[in-house]
Amino acid sequence: LDLHDVQSAIEGELAFPMLARGRLVGVLVLGPKRSGEAYAPDDSDAISQLAHDAGAAFDVLAAKQEPLHGAAFDRLLASCEGLAGEIRALRSELRDTRSSVRSHA
């Protein structure tokens, strides 16, 4: 998701969903490159795979529910859950924007 195309409290360039078993468990947000260049398609592909793998890892850790995760893990999961709602809203807004653009074309 290109964050320039939507209004959001999330600051950054791109957001990649972290999914597990069809459920959004988090979001990986990238800021601008230090070089100022745009992200290339192969960058996006690699980061998308990383976000997918991280989502699967979070899902496995959450399923184990072992006490060794501690408060830091609980805070991270809570943050991911909070971002999930915002990402859903952004996706809906983006769909509405695209529909509006198509209808005016």
Side-chain angles (χ1 to χ4, degrees):
L1 177 64
D2 186 340
L3 293 174
H4 294 111
D5 293 341
V6 294
Q7 287 184 313
S8 169
I10 299 174
E11 295 181 22
E13 298 286 313
L14 299 170
F16 293 85
M18 295 169 30
L19 303 169
R21 293 185 281 166
R23 201 171 52 92
L24 184 64
V25 296
V27 179
L28 179 62
V29 178
L30 301 181
K33 282 185 155 183
R34 289 183 183 166
S35 66
E37 296 176 9
Y39 286 95
D42 60 332
D43 293 336
S44 294
D45 291 343
I47 295 164
S48 180
Q49 184 63 49
L50 174 67
H52 172 77
D53 294 346
F58 281 129
D59 184 58
V60 168
L61 291 173
K64 288 186 175 187
Q65 296 180 353
E66 294 176 10
L68 52 91
H69 302 132
F73 181 77
D74 292 339
R75 286 192 305 273
L76 180 58
L77 281 180
S79 294
C80 290
E81 289 169 0
L83 287 172
E86 188 167 344
I87 292 299
R88 281 196 228 43
L90 288 171
R91 289 175 66 193
S92 177
E93 184 178 327
L94 184 58
R95 279 190 213 112
D96 293 345
T97 301
R98 285 181 179 164
S99 295
S100 176
V101 168
R102 286 183 193 136
S103 66
H104 294 303

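- Residues V29 and G12 approach most closely at CG1-CA, 4.2 Å, considering heavy atoms.
- Atom CZ in F58 sits 4.0 Å away from atom CE in M18 (nearest 0.5 Å).
- Side-chain N/O atoms of Q49 and D53 include a donor and acceptor closer than 3.5 Å.
- The two residues A20 and G55 come nearest to each other via the heavy atoms CB-O, 3.6 Å.
- Closest approach of A51 to P17, counting heavy atoms only: CB-O, 3.5 Å.
- To the nearest 0.5 Å, atom NE2 of residue H52 and atom CG of residue L28 are 13.5 Å apart.
- Among all heavy-atom pairs drawn from I47 and L30, the shortest one is CD1-CD1, 3.2 Å.
- Note that CG of D45 is 8.5 Å distant from CZ of F16, once rounded to the nearest 0.5 Å.
- Considering all non-hydrogen atoms of both residues, Y39 and S44 come closest at CB-OG, 4.3 Å.
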